[in-house]
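Accompanying notes for the structure given below.
These numbers come from a predicted model, not from an experiment.
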Amino acid sequence: MRLATLAPAKVNLVLRVGPARADGYHDILSLMVPLDFGDGVEVRVSAGKGKVTCRVPGHPDLDGPGNLAARAAEAFRARFGVDRGIAIRIEKRTPVTAGLGGGSSDAAAVLRCLARAFRIRDAAALAEVGLSVGSDVPFFLGPGPAWATGRGERLRPADVAPQDVVLLYPEDPALAIRAGDAYRWLDASRRGAPTPPPLGRPRGIRAGSFRNDLQEPCLAERPALSPLLGLLVGRGATKAIMSGSGPTVFGLFSSRGAARRAAAAVTKEDVGPRVRVIAARTVRRQPRVTSWRSPRSASSRSTRRS
Ligand SMILES: C[C@@](CO)(OP(=O)(O)O)[C@H](O)COP(=O)(O)OP(=O)(O)OC[C@H]1O[C@@H](n2ccc(N)nc2=O)[C@H](O)[C@@H]1O
Ligand SMILES: Nc1ncnc2c1ncn2[C@@H]1O[C@H](COP(=O)(O)OP(=O)(O)O)[C@@H](O)[C@H]1O
């Protein structure tokens with residue numbers, strides 16, 4: 001059986017971070033929204049016993065068992081007692097380690113395909129499997145935009161009207177930021193400062209409240225990101241912030257046309273040769289899983305019925 005789906009990228013319109021917890025994570029309050037672009041994920045489930053394989057054409061460093069998508073498949077097999085072979089193929093389009101949730105989304109896409117293949121309807125159990133792979137995975141298993149709290153596993157659906165955004169992703173490896181480093185830099189920046197106010201509860205969705213607590217410490221460590229924020233505002237963004245743990249920064253625009261004009265106006269002279277410019281729009285629902293059966297199996301099924 002072959003299943004396929006899109007693994008959308010995401011941005012955090014809000015990312016508030018609490019103090020470090022004993023388990024090494026942080027409580028967050030985040031408004032996470034999927035975007036209308038991402039990776040293509042295909043999952044083939046064999047008829048008999050087999051292994052989990054994972055291929056990412058063009059990204060050999062992401063091939064194999066270390067891929068978050070492969071780890072999700074292994075966790076699924078262990079949790080639900082499955083030993084059938086699972087072959088994963090990912091068409092990578094979301095920038096890697098970008099603050100756009102690419103790996104977590106691929107992992108969730110595989111879990112959504114496997115839940116369909118094996119008729120698993122226990123959403124809580126699936127979310128537990130997802131959380132064992134990464135803090136952002138439960139969000140991508142949910143229905144769409146959501147307020148995420150806890151480590152990122154407690155989700156409350158949010159009604160977010162489509163937002164037109166332009167992403168600037170600096171490809172220079174010197175600007176890469178791992179999530180763990182971003183949180184550690186934030187903790188260091190708060191030492192000796194007054195205790196941050198409590199995270200509070202999900203509030204209204206207004207551009208004025210869009211903010212990312214990881215942004216300031218990350219800009220202090222990666223000053224080259226600051227001009228990119230200014231450039232987006234200069235091109236008409238109503239607000240420009242960093243997404244998640246970065247280094248991607250994004251601007252919000254009043255319309256699709258304004259976003260497209262701004263993206264077209266950003267030239268290599270503005271941002272240098274190694275910044276990817278992506279015009280995108282937020283979506284209200286995670287993409288659906290499509291299944292495909294070979295004509296042979298379809299015909300054999302119909303003969304059986306007759
Ligand atoms: C920052 C955010 C914002 O949505 O995502 P990205 O921007 O990376 O996509 C998430 O919190 C990242 O989620 P994810 O990338 O799945 O993180 P994980 O693999 O679970 O954790 C990586 C490391 O980040 C830190 N971490 C992560 C989540 C959290 N609530 N508190 C943390 O302190 C921990 O140091 C952890 O070891
Ligand atoms: N399917 C995947 N896509 C992207 N990165 C992956 C994947 N599987 C594992 N990784 C690893 O996860 C880290 C980045 O994950 P990613 O989700 O792209 O970052 P972010 O959460 O910042 O968007 C990198 O160390 C990368 O090698």
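Panel note: side chain Asp39, backbone Ile90; no donor-acceptor pair is recorded below 3.5 Å. Judged by distance alone, with hydrogens and angles left aside, the side-chain atoms of Thr282 form a donor-acceptor pair with the main-chain N or O of Gln163 at under 3.5 Å. Side-chain atoms of Asp213 come within 3.5 Å of backbone N or O of Val17 as a donor-acceptor pair. For the pair Thr97 (side chain) and Arg178 (backbone), a donor-acceptor distance under 3.5 Å is absent. Put simply, the side chain of Ser46 gets close to the backbone of Gly85: a donor and an acceptor are under 3.5 Å apart. Side chain of Ser135 to main chain of Gly152: no donor-acceptor pair is present (N/O by atom type, distance under 3.5 Å, no hydrogens or angles). A donor-acceptor contact shorter than 3.5 Å is absent between the side chain of Arg116 and the backbone of Leu3. Listed for the Ser30 side chain is a donor-acceptor partner under 3.5 Å among the backbone atoms of Val14. Between the side chain of Thr290 and the backbone N or O of Ala4, at least one donor-acceptor pair lies under 3.5 Å. A donor-acceptor pair under 3.5 Å links the side-chain atoms of Ser132 to the main chain of Val129, judged by distance alone.
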Begin from the C-alpha positions of Leu231 and Val266 and carry the test side-chain contact (heavy atoms from CB on, under 4.5 Å) through to its verdict.
-> CA-CA 8 Å; Leu231 181 74; Val266 173; 3.9 Å; yes
Are Arg71 and Glu74 close enough, and set up right, to give a salt bridge (charged side-chain N to carboxylate O under 4.0 Å, His left out), and what steps lead you there?
-> CA-CA 5 Å; Arg71 283 163 43 186; Glu74 291 293 7; over 6 Å; no
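Heavy atoms from other residues, nucleotides or ligands lying under 6.0 Å from CZ of Arg21 number more than 12. Heavy atoms from other residues, nucleotides or ligands lying under 6.0 Å from CZ of Arg285 number 12 at most.
Rounded to the nearest 0.5 angstrom, Arg89 CZ and Thr53 OG1 are separated by 11.5 Å. Rounding to the nearest 0.5 angstrom, the gap separating the CG atom in Leu126 from the CZ atom in Arg79 is 9.5 Å. To the nearest 0.5 Å, atom CG of residue Asp187 and atom CZ of residue Arg184 are 9.5 Å apart.
Inter-residue side-chain proximity for Leu111 and Phe140 is flagged as unmet; no heavy-atom pair is nearer than 4.5 Å. The shortest side-chain heavy-atom distance between Pro34 and Phe139 falls under the 4.5 Å cut-off. When side chains are defined from C-beta on, Ile278 counts as touching Pro95, because their heavy atoms get closer than 4.5 Å. Residues Val41 and Arg112 form no side-chain contact, since every pair of their non-hydrogen atoms from C-beta on lies 4.5 Å or further apart. Considering only heavy atoms from C-beta on, Arg274 comes within 4.5 Å of Pro173 through its side chain. Using a 4.5 Å cut-off on side-chain heavy atoms (C-beta onward), Leu13 and Lys239 make no contact. For the pair Ile177/Leu225, a side-chain contact is recorded, criterion being any heavy-atom separation below 4.5 Å from C-beta on. For the pair Leu100 and Leu167, the minimum side-chain heavy-atom distance is below 4.5 Å.
Taking Tyr169 as the reference, nothing meets the ring-ring contact (aromatic ring centres under 6.0 Å, His included) condition, with sequence neighbours excluded. Applying the side chain to side chain donor-acceptor pair (under 3.5 Å) rule to Arg222 yields no partners; only residues at least two apart in sequence or on another chain are considered.
The minimum heavy-atom distance linking Gly64 with Ala70 is given by the pair O-CB, 3.6 Å. Val137 and Ala107 get closest at one heavy-atom pair: CG2-CB, 4.2 Å. Here the shortest heavy-atom pairing between Leu15 and Gly244 reads CD2-CA, 3.9 Å. Between Cys54 and Leu62 the shortest heavy-atom distance is SG-O, 4.4 Å.
Leu229 is connected to Phe253 through a chain of hydrophobic side-chain contacts under 4.5 Å among Ile, Leu, Val, Met, Phe, Trp and Tyr, so both are in one cluster. Linking Ile, Leu, Val, Met, Phe, Trp and Tyr residues whenever their side-chain heavy atoms come within less than 4.5 Å places Val277 and Met242 in a single cluster.
The closest side-chain donor-acceptor pair between Asp164 and Ser255, if any, does not fall under 3.5 angstrom.
Evaluated for a side-chain contact (heavy atoms from CB on, under 4.5 Å) with Val110, the options Asn67, Val52, Thr5, Ile88 yield exactly one hit, Ile88.
The aromatic rings of Phe76 and Phe118 sit tilted, their planes meeting at an angle between 30° and 60°.
Between Arg16 and Asp27, no side-chain nitrogen of the basic residue sits less than 4.0 Å from a carboxylate oxygen of the acidic one, so the salt-bridge criterion is not met.
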